[in-house]
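Structure, as C-alpha cells:
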Amino acid sequence: MLRLWEDCFVEEYWCMKPEYDPCEVEDRWQRAWDSAGLFHVDRDSREKFFITIPYPYLNGNLHVGHTRTFTIGDVIARFKRMQGYNVLFPMGFHVTGTPILGLAELIAKKDPQTLDVYHRFHNIPMDLLVTLNTPSKIVEYFKREAEEDMRSIGYSIDWRRKFTTTDDAYKKFITWQFNLLYERGFVGRGSYPVRWCPNDDNPVEDHDILRGEGATIIDYTLIKFRLSESGLVLPCATLRPETVFGVTNLWVNPLVTYLQIEVIYSDDRREEWVVSREACEKLRFTDKRVKIVGEVSGRELIGEHAVNPINGASVLILPASFVSPENGSGIVMSVPAHAPYDYLALRDLYDVDLSEYGISEDIRDIEFISLIRVPGFGEFPAVEVTEELGVTDQSDPRAEEATKIVYRREFHSGELTERTGKYAGMKVSRVKDVLVEEMMERGFADLFYEFSEEPVICRCGARCVVKMVKDQWFLTYSNPEWKEEVYRCLSRMKLLPPEIRTEFENKIDWLKDKACARRRGLGTRLPWDQEWIIESLADSTIYMSYYILSKFIATKVRPEQLTESFFNYVFLGSGSVEAVARETGIPLEVIEDIRADHEYWYPVDLRSSGKDLIPNHLLFFLFHHTAIFPEDRWPRGIAINGFVSLEGEKMSKSKGPLLTMKRAIKEYGADVTRLYILSTAEYTQDADWRSGEIEAVKKHLERFYRIANNIINRRATTGEREEKERDTIDRWLLSRFQHRVSETIDALERLQTRRALQSAFYMVLNDLRWYERRGGKEALPELLHTWTRLLTPFIPHICEEIHSEIAEGFITEAPYPTPDPTQIDKDAERREEYIQKILEDIEEILSVTKIAPEKIILYTTPHWKKNVYQTALRLKLQDGLDMKRVISEIMKDPEVRRHGKEAPKYTQRIIAEIKKMTDETAKLQASNPLPEKEILTETRKFFEKELNCKIEIQSAEKTTYDPQQKSRHAEPMRPAIYIISKDSENER
RNA sequence: GCGAGGGUAGCCAAGUGGUCAACGGCGACGGACUCAAGAUCCGUUCUUGAAGAAGUUCAUGGGUUCGAAUCCCUUCCCUCGCACCA
C-alpha cells in the first residue's frame with residue numbers, strides 16, 4: 001500500500017487544493033461516479049446484499065429527517081460494497097394516498113399558510129410554487145428535486161430502478177398482489193367505526209382535526225334493559241359489561257328530556273329505545289337507522305322498574321345528577337359494589353324524599369351485589385375506596401380518582417365470583433370479549449362507539465362523530481394464523497437495535513384488521529371492486545421486489561405485458577415460462593432474466609427505517625411478505641433509527657420548522673451533513689440538529705482535509721522518502737489504529753454509525769494529536785491510505801479527493817480495511833501509556849505546587865522493588881496472590897531483606913494494584929517488563945520540550961543528587977519525580 | 001390508562017459489576033501564533049490540595065456484593081406509539 005502511494009507521488013505533480021471546497025469536490029466526484037456507473041449493479045457471481053430504505057412520500061422536499069435514515073442506508077450500502085458484496089441500494093417515490101391531493105387543492109386555492117410553509121421551509125420559489133396546483137405537477141416537481149437532493153448528498157443508489165407508485169407498471173404489480181391476497185383469503189369485508197366529519201362526509205385524519213386530536217374511538221357495550229311495563233329498551237352504555245351481574249338499579253337524569261326512538265337494524269329487526277337526544281344523533285351514524293317516535297322526560301322514567309336481561313332481575317330507576325346525556329345513551333346501570341359513582345349516588349339518596357317520583361321503597365334496602373373478588377379488598381371495593389379517599393358525594397372530583405383505582409385493580413387482578421354463574425373464576429381482564437359476544441348473540445347487548453374525549457372538531461368547524469363505514473374492505477391482520485407466520489418470520493430476523501424486538505412482538509399482538517381501501521386519493525383501484533382505491537400503506541408492503549423488475553420496465557418490458565401469470569412466474573416461480581412468454585409476448589430470455597434476478601437479489605437483507613414506521617409500514621411489510629412469498633424470501637433484517645429535531649423543536653412538513661436536505665447540503669456540504677447526521681445520535685435516539693454543532697463538525701472535517709493535505713504535500717515536496725526504521729511512536733500509532741479499525745467495523749455491522757465515527761474519525765484525530773506531540777511523522781502516509789478507506793462510507797467525496805492523490809481508481813471500489821494483527825504492538829502502547837502517565841504526574845505536581853521548574857529529575861525504581869513487583873505478578877498469574885506468600889517469597893532475596901522495613905508496606909500496595917490488573921496486562925508486565933531507563937532516556941527530549949526545563953534520569957539504586965530523598969518513592973512503572981524550582985536556593 | 005425507551009458533570013452524550021472522576025463533542029478558560037481580531041494549533045475544565053493525593057458524584061430512596069453509574073426493588077420525572085394516517 002505504501003508502494004502505491006509513493007509511486008503516485010514521486011512522479012505526479014501534487015494538485016490537491018490547500019483549502020477544502022466541498023461544492024466543487026462533491027459535484028466532481030458525483031459526476032465521476034455517475035459516468036462510471038458505479039452504482040448500477042447487476043446480478044453476478046459475488047454474494048449479494050440488498051438494502052432498502054422506505055421510499056419518501058412526495059408531498060414536500062426531503063428534509064434532514066430523511067437525511068438521517070437515508071444516510072444510514074447509504075453508509076451500510078457503501079460499507080458492504082467495500083467489503084466485497086454486490087450491493088443493491090435502490091430508491092423509488094411514494095405518491096399514492098390523499099396528502100398530495102390535499103396539497104394540490106390547498107395550493108390551487110392559494111391557502112396562505114401552505115404557500116408560506118412551502119415557500120419558506122421547503123425552499124420553493126413562490127412563482128413556481130403557485131403552479132404546482134395538480135397532483136401530477138406536484139409529483140413531477142418533488143420527484144425531480146428528491147432525486148437531485150439524493151444525488152447531491154452522494155447516495156450510492158442505482159437510479160435505473162427508480163419508479164413512482166402511480167406508474168402503470170407499478171399499478172399492475174399492486175393489482176396482481178391484491179388479487180393474490182384476495183384469493184388467499186387475506187382480505188375481508190365488514191363495517192368499521194371511523195372518525196367522521198358529517199359536513200365533509202368523509203373520514204377525518206389527524207391533521208384534519210382542529211380540536212380533540214388525541215381522541216380515540218372507545219367501544220362501549222350497550223346493555224339492553226327493558227321497562228317492565230312497556231317493554232321499551234333502556235340501553236346502558238358501559239366499559240365494564242361484566243358488572244351487569246351486579247346491577248341494583250338504573251340511573252336517569254331527571255332534568256334531561258329523553259327521546260323514544262325506533263331503531264331499525266340492517267336486517268330489518270326493529271326495536272323501540274329510550275335514549276338522550278345526543279345519543280340518538282350518534283346512533284344515526286351507526287349501521288342502524290333511527291326514527292324519533294316521541295319524547296320522554298327523565299322524571300317520568302324515574303320510579304319505574306326495568307328488567308336486567310342477564311338474569312331477569314327487576315331493578316328500580318332512580319335519579320342521579322352525574323348522568324350526562326352526552327355520554328353513552330344517557331342512561332346508566334348502577335353497580336354500587338364496584339363503581340364509586342353508583343355507590344355515591346345511591347348514598348346521596350338515602351335521606352332524600354323520593355315520593356315526588358312515586359317511589360315509596362326505602363333506598364337503604366337496596367342490597368349491594370358483589371361479583372368481583374380482588375385481593376386486598378373486601379366485598380365492596382367501591383365502598384372501601386370511596387370511604388378511604390373520603391369522597392363526599394357524586395359531584396366530588398375525587399369520585400373520578402376512586403373510579404380509576406377500583407377499575408384498575410379489578411381489571412388487573414379481579415376474578416368473577418359465583419354470582420356470575422358460568423363465568424365464575426374467570427379473570428376480569430379476560431371475560432369481557434366472551435361475555436359481550438354471548439350477550440350480543442342473545443340480543444341482550446350491542447356495541448356503541450364514543451370518542452375518548454369530546455368534542456372532536458374538524459378543520460371545517462363541524463363536530464365529528466364516530467361513523468360505521470359499511471362494506472369496508474380490510475386486510476385481516478387479526479387472523480391468528482397469519483400472526484403466527486409473522487412471528488416466525490420475526491424470530492429469524494436480525495433486528496437493530498435488539499430492544500425493538502419486543503416492540504414488534506407487542507405490535508403484532510395488537511394489530512387488528514385494517515381498512516385497505518378508500519374512496520379518495522391517488523393509487524390503484526381494487527381489482528374486484530373498482531369503486532375503491534387501495535390505501536397507500538397497503539400498496540407499499542412488498543415493493544422492494546419491484547425494484548428488481550423496474551430495471552426492465554421501459555427497456556425490455558411494457559406495462560401492458562405485465563399479466564398475472566407473468567408476476568406469478570417471476571416472483572413466485574409458478575407456471576411455465578413458455579406460457580408466460582406466449583401470453584405476454586415478452587421474450588423468454590427476458591422473463592428468465594427477471595426471474596433469475598429475483599432469485600439472486602431477493603430477499604431484502606436489511607430494511608432501515610425511522611421508528612415511526614414500526615406500528616404500521618414495517619409491520620405490514622412483514623405480514624405481506626409472509627402472505628405472498630415463500631419462507632426463503634422473507635426479510636432478513638430491520639434497523640430502526642430515531643427522528644431529527646431542529647434546535648430542540650419538532651419538525652413539521654406542513655407547519656414548519658423544517659430544514660431541507662437541499663439547504664443543509666448547500667450550507668455545509670454533503671460530507672459535513674453526512675458526518676454530522678451520522679455522528680450525532682445512535683439508533684432510536686432522537687437527533688437534535690444544532691447549527692453550533694454542525695459548524696464544529698465542519699471544522700473537524702476541514703482539519704481532516706488539512707492533515708491529509710499536509711501529509712501529501714510534505715511527501716510531494718520532499719520527493720524521495722528515506723527508508724527509516726519505524727520509531728516506537730510510529731508503531732504506537734499504527735497499533736492504535738488497528739483497534740480503531742476493528743471497532744469501526746464492529747460498530748458498522750451493528751449499524752452504530754455514531755460509535756463507528758467516534759472510532760474511525762474522532763479517536764484517530766486524537767491519536768494523531770499525541771502522535772504529533774511526540775514528534776511522529778513516518779507512519780502518516782501509511783495511516784492516511786487506510787484511514788481514508790475507513791472513512792469512505794461516511795464521507796465519500798472528500799475521501800475520493802484524497803485518495804485520488806495517493807492511489808489509482810475509485811476509493812468507493814477499494815476494499816474496506818481490516819485490522820492487521822501484525823501491526824498491533826502492545827509494547828509500544830504500554831510505552832506510550834507509561835510516558836503519558838509520567839507527564840500527567842509531573843503536570844499535576846507543577847499545577848499543585850506552582851513551581852516554575854528549572855530542572856526535573858526522574859529516578860527509576862531500585863532493583864529490590866522490581867523483584868517484589870515481578871514476584872507479585874508471577875503469583876497473580878499462578879493464582880496465589882496474597883500478602884503472606886508474596887512476603888515469604890521476596891524475603892528470600894537478601895537485597896529485599898535489606899529494605900525489610902519498607903518492603904511489606906510497598907508489597908501491600910502493589911498487591912492491591914496488581915489484583916485489579918487483567919491477566920493479559922500482568923502477563924505482559926511479567927514476561928516483558930518495560931526498559932524504563934531506556935525509555936526515559938529516549939524520551940528525555942520530549943519531556944524537556946513539553947515541560948520547558950531540563951530533565952535528568954537517575955536510578956534510585958544509586959543517585960547522584962537527591963536532596964529530598966524523593967528517590968525512595970520510585971517504583972516499577974512509576975519513577976520518582978523531583979522538581980527543582982527556578983527560585984530554589986539549593987541548586988546544584 | 002396500556003406498551004416501549006430513557007433520566008450520567010454548564011449542555012449534548014458514551015459507558016451496563018472492578019482497568020471509572022467516568023470516551024467523545026459543544027461551551028468556557030488558559031497558552032502559542034498575530035500589530036490586532038478571526039481562523040488555526042496546544043492544553044485545562046467536580047471539589048480540595050505547596051509533590052504525583054484525597055473527598056464527593058452518574059434522577060430518588062433502599063437492597064445485593066469484598067466492590068455498583070452498571071444487578072434487584074421503591075418513588076419521581078421525561079420522550080414516543082396507541083391506528084386506518086403517511
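In this text, all values refer to a predicted model and were calculated from it rather than measured experimentally. Below, each value reflects all heavy atoms present in this structure, side chains not excepted, and no hydrogens, waters or symmetry copies. Order of the sequence lines fixes the chain letters, A, B, ..., with proteins taken first and strands second; residue numbering starts at 1 for each chain.
- Side-chain N/O atoms of A:Gln685 include one lying less than 4.0 angstrom from OP1 or OP2 on B:A14.
- Atoms CG (A:Asp841) and C1' (B:A51) sit 10 Å apart, rounded to a whole Å.
- Across the protein-nucleic acid pair, A:Arg773 atom CZ and B:C41 atom C1' stand 12 Å apart, rounded to whole Å.
- Under the Watson-Crick or G-U wobble criterion, with both distances below 3.5 Å, B:C82 is paired with B:G1.
- Residue A:Ala976 is in base contact, counting any heavy-atom pair closer than 4.0 Å across all strands shown.
- Taking only side-chain nitrogens and oxygens, A:Arg755 never comes nearer than 4.0 Å to OP1 or OP2 of B:A13.
- Residues A:Thr684 and A:Ile500 approach most closely at CG2-CG2, 4.3 Å, considering heavy atoms.
- As judged by a 4.0 angstrom heavy-atom cut-off over every strand, A:His700 is placed among residues touching the sugar-phosphate backbone only.
- Checking B:A51, B:C23, B:C84 against the side-chain heavy atoms of A:Glu535 singles out B:C84 as nearest.
- Of the candidate nucleotides B:C84, B:A83, B:U40, B:U40 has the atom lying nearest to any side-chain atom of A:Arg706.
- Taking only side-chain atoms of A:Glu844, from C-beta outward, the nucleotide of B:G52, B:G81, B:A51 with the closest atom is B:G52.
- One atom, NZ of A:Lys611, and another, P of B:A86, lie 22 Å apart when rounded to the nearest Å.
- In this structure, A:Asp509 places its CG atom where more than 12 heavy-atom neighbours from other residues, nucleotides or ligands lie under 6.0 Å away.
- Of the nucleotides present, B:C42 is the one that pairs with B:G30 by Watson-Crick or G-U wobble criteria, both distances under 3.5 Å.
- Within the 4.0 Å cut-off from OP1 or OP2 of B:G15, not a single side-chain nitrogen or oxygen of A:Arg754 is found.
- Checked against B:G52, B:G81, B:A4, the side chain of A:Asn506 finds its nearest nucleotide in B:A4.
- Here A:Pro975 lies in heavy-atom contact (under 4.0 Å) with a base.
- The 12-atom threshold is exceeded at NZ of A:Lys945, counting heavy atoms of other residues, nucleotides or ligands nearer than 6.0 Å.
- Distance check on atom P: B:A68 versus B:G17 gives 14 Å, rounded to whole Å.
- The residue A:Leu511 sits close to a base: some heavy atom pair falls under 4.0 Å.
- For A:Lys699, counting side-chain heavy atoms from C-beta on, the closest listed nucleotide (B:G3, B:A39, B:A50) is B:A39.
- Closest to the side chain of A:Tyr57, out of B:A51, B:G5, B:A86, is B:A86.
- Centroid-to-centroid, the aromatic rings of A:Trp473 and A:Phe186 stay 6.0 Å apart or farther.
- For A:Arg703, a side-chain nitrogen or oxygen approaches OP1 or OP2 of B:C41 to under 4.0 Å.
- Residues A:Lys467 and A:Arg195 fail the side-chain proximity criterion, which asks for heavy atoms closer than 4.5 Å.
- Contact check, A:Arg974 against B:A53: a side-chain N or O comes under 4.0 Å of OP1 or OP2.
- Ring centroids of A:Phe794 and A:Phe761 are separated by 6.0 Å or more, keeping the two rings apart.
- When the C1' atom is used for both B:U47 and B:G81, the distance is 44 Å, rounded to whole Å.
- In this structure, of B:C84, B:G52, B:C23, it is B:C23 that holds the atom nearest to the side chain of A:Gln758.
- If A:Lys850 and A:Ala517 are placed on RNA chain B by their nearest nucleotide, the residue sitting closer to the 5' end is A:Lys850.
- Here the P atom of nucleotide B:C80 and the NZ atom of A:Lys507 are 14 Å apart, to the nearest Å.
- No hydrogens or angles were tested; on distance alone, a donor-acceptor pair under 3.5 Å links the side chain of A:Asn616 to the base of B:A86.
- The separation between A:Trp510 atom CH2 and B:C84 atom C1' is 10 Å, rounded to whole Å.
- For B:A86, neither phosphate oxygen OP1 nor OP2 lies less than 4.0 angstrom from any side-chain nitrogen or oxygen of A:Thr96.
- In this structure, A:Tyr192 reaches the bases: a heavy-atom distance under 4.0 Å links it to at least one base atom across the strands shown.
- Comparing the same atom, C1', in B:U64 and in B:C73 gives a spacing of 11 Å after rounding to whole Å.
- Residues A:Glu682 and A:Arg755 come closest through the heavy atom pair OE2-N, 3.1 Å.
- If you measure from atom CG of A:Asp962 to atom P of B:A51, you get 17 Å, rounded to the nearest angstrom.
- Between A:Glu535 and A:Lys514, at least one side-chain N (NZ, or NE/NH1/NH2) sits under 4.0 Å from a carboxylate O, which counts as a salt bridge.
- Comparing the P positions of B:A14 and B:A9 gives a spacing of 13 Å, expressed to the nearest Å.
- Among the protein residues, A:Asp513 comes within range of the nucleic acid bases, having at least one heavy atom under 4.0 Å from a base atom.
- At the heavy-atom level, A:Thr684 lies nowhere under 4.0 Å from the strands shown.
- Under the salt bridge (charged side-chain N to carboxylate O under 4.0 Å, His left out) rule, A:Glu832 has a single partner from A:Arg774, A:Arg736, A:Lys826, which is A:Arg774.
- Between the C1' atom of B:G43 and the CD atom of A:Glu843 lies a distance of 8 Å, rounded to the nearest Å.
- Note on A:Ile979: a base of the nucleic acid sits closer than 4.0 angstrom, heavy atoms only.
- Of the charged side-chain nitrogens involved, at least one lies within less than 4.0 Å of a carboxylate oxygen, so that A:Glu105 and A:Arg520 count as a salt-bridged pair.
- Nearest-nucleotide assignment on RNA chain B puts the 5′-proximal partner with A:Asp686, out of A:Asp686 and A:Ala515.
- Among the protein residues, A:Ala696 comes within range of the sugar-phosphate backbone only, with heavy atoms under 4.0 Å from sugar or phosphate atoms but none that close to a base.
- Taking a pair to require two hydrogen-bonding distances under 3.5 Å in either a Watson-Crick or a G-U wobble arrangement, B:A68 remains unpaired.
- Spacing between B:C58 and B:G7 at atom C1', rounded to whole Å, works out to 10 Å.
- If you take atom C1' in B:A22 and the same atom in B:G15, they sit 8 Å apart, rounded to whole Å.
- Nucleotides B:G30 and B:A37 have their P atoms positioned 12 Å apart, rounded to a whole Å.
- When the nucleotides B:G25, B:A4, B:A53 are ranked by their closest atom to the side chain of A:Asn766, B:G25 comes out on top.
- Using a 4.0 Å heavy-atom cutoff across all strands shown, A:Lys514 reaches at least one base atom of the nucleic acid.
- Base-pair partner of B:C11: B:G25 (Watson-Crick or G-U wobble, both distances under 3.5 Å).
- Across all strands shown, A:Val848 has heavy atoms under 4.0 Å from base atoms, whether or not it also approaches the sugar-phosphate.
- Across the P atoms, B:U57 and B:U75 are found 24 Å apart, a figure rounded to whole Å.
- A:Thr849 has no side-chain polar atom (N or O) that falls below the 4.0 Å cut-off from OP1 or OP2 of B:A51.
- With rounding to whole Å, A:Glu693 atom CD is found 10 Å from B:C12 atom P.
- Proximity of A:Arg690 to the phosphate of B:C26: no side-chain N or O atom is located under 4.0 Å from OP1 or OP2.
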